[in-house]
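Presented below is the structure to which this report refers.
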Number of protein chains: 2
Amino acid sequence: MSKQRSDCPISCSLDIFGDKWSLLIIRDVMLRGKCSYSEFLKSEEKIATNILSSRLALLEAAQILSKETAPDNRSKFIYRLTQKGADLLPIIVELMDWGARYHDHCPRRELGKKIKKNKAAVIDEYMQRLKEQIRS
Amino acid sequence: MSKQRSDCPISCSLDIFGDKWSLLIIRDVMLRGKCSYSEFLKSEEKIATNILSSRLALLEAAQILSKETAPDNRSKFIYRLTQKGADLLPIIVELMDWGARYHDHCPRRELGKKIKKNKAAVIDEYMQRLKEQIRS
DNA sequence: ACTTGGTACTTGCAAAATGCAAGCGCAAAG
DNA sequence: CTTTGCGCTTGCATTTTGCAAGTACCAAGT
């Protein structure tokens, strides 16, 4: 953890993941079932390898992601959400809802429509699902 | 608006306010009743003048904030939330909740406690209040 | 044993963003 | 007609980002 600018909880949150990339990695783990370096690289936003590497290290240090070696391949690592990381779900959902509402070219797909219909239910449903995947 | 990295609504949102400062300005307007350049400068996170200036311009361009000259002083400007800006409230609330939950040194004050008790009610209450201040 | 491919990075360098201090232009007040 | 307040802009150093290339390790094929 670097420095925190104040003791405001909003500011503290932004100190950790207030950038253009961290929450996209979280999105990939949370909603797209991605869990490895190479999978993150394939996302359409095209994150650079060094940025990905540094963000994964930061998210791990912040205990938002956990890292373990794959059981079948010792040179592969698996990233998973911790409880702290899973609790970012409402933020991700709100970001999606706002983005979809104000960008015509961001069509709501299945999840987006469910959020529009009943946001709280979607959060409950996904939180339940994430619970099973949580690592310390 | 610069470029957007993909048509994912989360990514689109981050393209606009995915940095360490934009949402702190929104917080100041939304929760602290601030509405001028000099008031934003006084916040404890100590934003630099040039950064503040560029962020205000970006938020205005994104139609999240509106800018008008003060009725009593032609050299003063008043920044207010638009509907699009006010709709960021749930994101701000979730950022506050997560930050307070995971940082011991970020004590929940009045609002933080109300959020913990009944998040949806807080959002409703504040959204109602913001409605009266909205500008196009 | 030796090559090929997959995975996860690191490194070097250029470009962009941030942070800091100082200065500027205008309007209102004294 | 000077001073104060407000909202910036500018110049410059530092930091972060982005891009391309290279490295290291493991595993599987031949």
Side-chain angles (χ1 to χ4, degrees), chain A residues 1-6 11 14-26 28-29 32-62 65-80 135, chain B residues 1-6 11 14-26 28-29 32-62 65-80 135:
Chain A
M1 232 179 307
S2 46
K3 56 178 173 286
Q4 65 178 34
R5 294 170 291 173
S6 77
S11 166
L14 294 174
D15 285 339
I16 296 176
F17 53 77
D19 66 80
K20 294 211 185 306
W21 293 111
S22 299
L23 288 175
L24 288 186
I25 297 171
I26 301 299
D28 283 352
V29 181
R32 303 186 176 179
K34 299 191 177 189
C35 58
S36 73
Y37 184 92
S38 52
E39 285 177 310
F40 300 139
L41 273 188
K42 285 176 196 145
S43 289
E44 52 185 346
E45 291 87 5
K46 297 291 166 236
I47 188 170
T49 56
N50 53 347
I51 309 290
L52 175 56
S53 184
S54 81
R55 285 305 179 284
L56 287 172
L58 282 170
L59 291 171
E60 195 195 351
L65 294 180
S66 78
K67 181 182 186 177
E68 55 191 83
T69 62
D72 57 322
N73 185 332
R74 277 192 298 153
S75 76
K76 181 171 184 176
F77 298 100
I78 293 181
Y79 293 91
R80 290 185 205 284
R135 291 293 185 283
Chain B
M1 236 179 302
S2 47
K3 55 178 174 287
Q4 68 179 35
R5 293 170 293 174
S6 78
S11 166
L14 294 174
D15 284 338
I16 296 176
F17 53 77
D19 66 79
K20 294 213 186 305
W21 293 110
S22 299
L23 288 175
L24 287 187
I25 297 171
I26 302 299
D28 283 352
V29 181
R32 302 186 177 179
K34 299 190 178 190
C35 58
S36 73
Y37 185 92
S38 51
E39 285 177 309
F40 300 140
L41 273 188
K42 286 177 196 146
S43 289
E44 52 185 346
E45 291 87 6
K46 297 287 165 237
I47 188 170
T49 58
N50 54 346
I51 308 291
L52 174 57
S53 184
S54 81
R55 284 305 179 285
L56 287 172
L58 283 170
L59 291 170
E60 195 195 350
L65 294 179
S66 78
K67 180 182 184 177
E68 54 189 83
T69 60
D72 57 321
N73 185 332
R74 277 192 298 154
S75 74
K76 182 172 184 175
F77 298 101
I78 293 182
Y79 294 90
R80 290 187 206 281
R135 290 294 184 285

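This structure is a prediction, so every number in the text was calculated from the model and none was measured. Here is how names work: the chains are called A, B, and so on, in the same order as the sequence lines, proteins then strands, and each is numbered from 1.
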Next item on the list: Choose from D:dC19, C:dG19, C:dC9 the nucleotide whose nearest atom is closest to any side-chain atom of A:Y79.
Entry: C:dC9

Next item on the list: For the side chain of A:F77, starting at C-beta, report the closest nucleotide among C:dA8, C:dT18, C:dG19.
Entry: C:dA8

Integer-rounded Å distance: [N] [atom2] and [X] [atom1]:
| X | N | atom1 | atom2 | value |
| --- | --- | --- | --- | --- |
| B:N50 | D:dC12 | CG | P | 15 Å |
| A:Y37 | D:dC25 | OH | C1' | 14 Å |
| B:I47 | D:dC8 | CD1 | P | 13 Å |
| A:L41 | C:dG6 | CG | P | 14 Å |
| B:K20 | C:dT18 | NZ | C1' | 12 Å |
| B:L58 | C:dA16 | CG | C1' | 14 Å |
| A:D19 | D:dG18 | CG | P | 9 Å |
| A:I51 | C:dT10 | CD1 | P | 13 Å |

Next item on the list: Using modelled atom types only, decide if a donor and an acceptor are shared between the side chain of B:K20 and the backbone of A:L14 within a distance under 3.5 Å.
Entry: yes

Checklist line | A:K34 side chain vs A:E39 backbone, donor-acceptor pair below 3.5 Å | finding: yes

Margin query: Please report the interatomic distance OG(B:S66) to CZ(B:R135), rounded to the nearest 0.5 Å.
Written below: 7.0 Å

Note to self: Please report the interatomic distance CD(B:E45) to CD1(B:I25), rounded to the nearest 0.5 Å.
What the structure shows: 10.5 Å

Any base atoms under 4.0 Å from [X], or only sugar-phosphate, or nothing? Heavy atoms, all strands.
| X | answer |
| --- | --- |
| B:F40 | nothing |
| A:K46 | nothing |
| A:S36 | sugar-phosphate |

Next item on the list: Using heavy atoms to find the nearest nucleotide of DNA chain C for B:S54 and A:K42 separately, return the residue whose nucleotide is more 5′.
Entry: A:K42

Next item on the list: State whether A:D15 and A:R5 are salt-bridged, where the test is any N-O pair (Lys NZ or Arg NE/NH1/NH2 against Asp/Glu carboxylate O) under 4.0 Å.
Entry: yes

Do you know which two heavy atoms are closest between [X] and [Y], and how far apart they sit?
| X | Y | value |
| --- | --- | --- |
| A:I78 | A:P71 | CD1-CD, 4.2 Å |
| B:S22 | B:L59 | O-CD1, 4.1 Å |
| B:Y79 | B:V29 | O-CG1, 4.4 Å |
| A:I47 | A:F40 | CG2-O, 4.2 Å |
| B:K42 | B:K46 | O-NZ, 3.6 Å |

Answer yes or no: does a side-chain N or O of [X] lie under 4.0 Å from OP1 or OP2 of [N]?
| X | N | answer |
| --- | --- | --- |
| A:S53 | C:dC9 | no |
| B:W21 | C:dA17 | no |
| A:K3 | D:dT15 | no |

Note to self: Quick check on the helix from C:dA1-D:dT30 to C:dG30-D:dC1: what's the angle between its two end axes, five base pairs per end, to the nearest 10°?
What the structure shows: 0°

Notebook entry, point to check: Reading nucleotides 22-30 of chain C from the 5' end, what letters show protein touch, with B for base, S for backbone sugar-phosphate only, - for no heavy atom under 4.0 Å?
Noted result: B----SS--

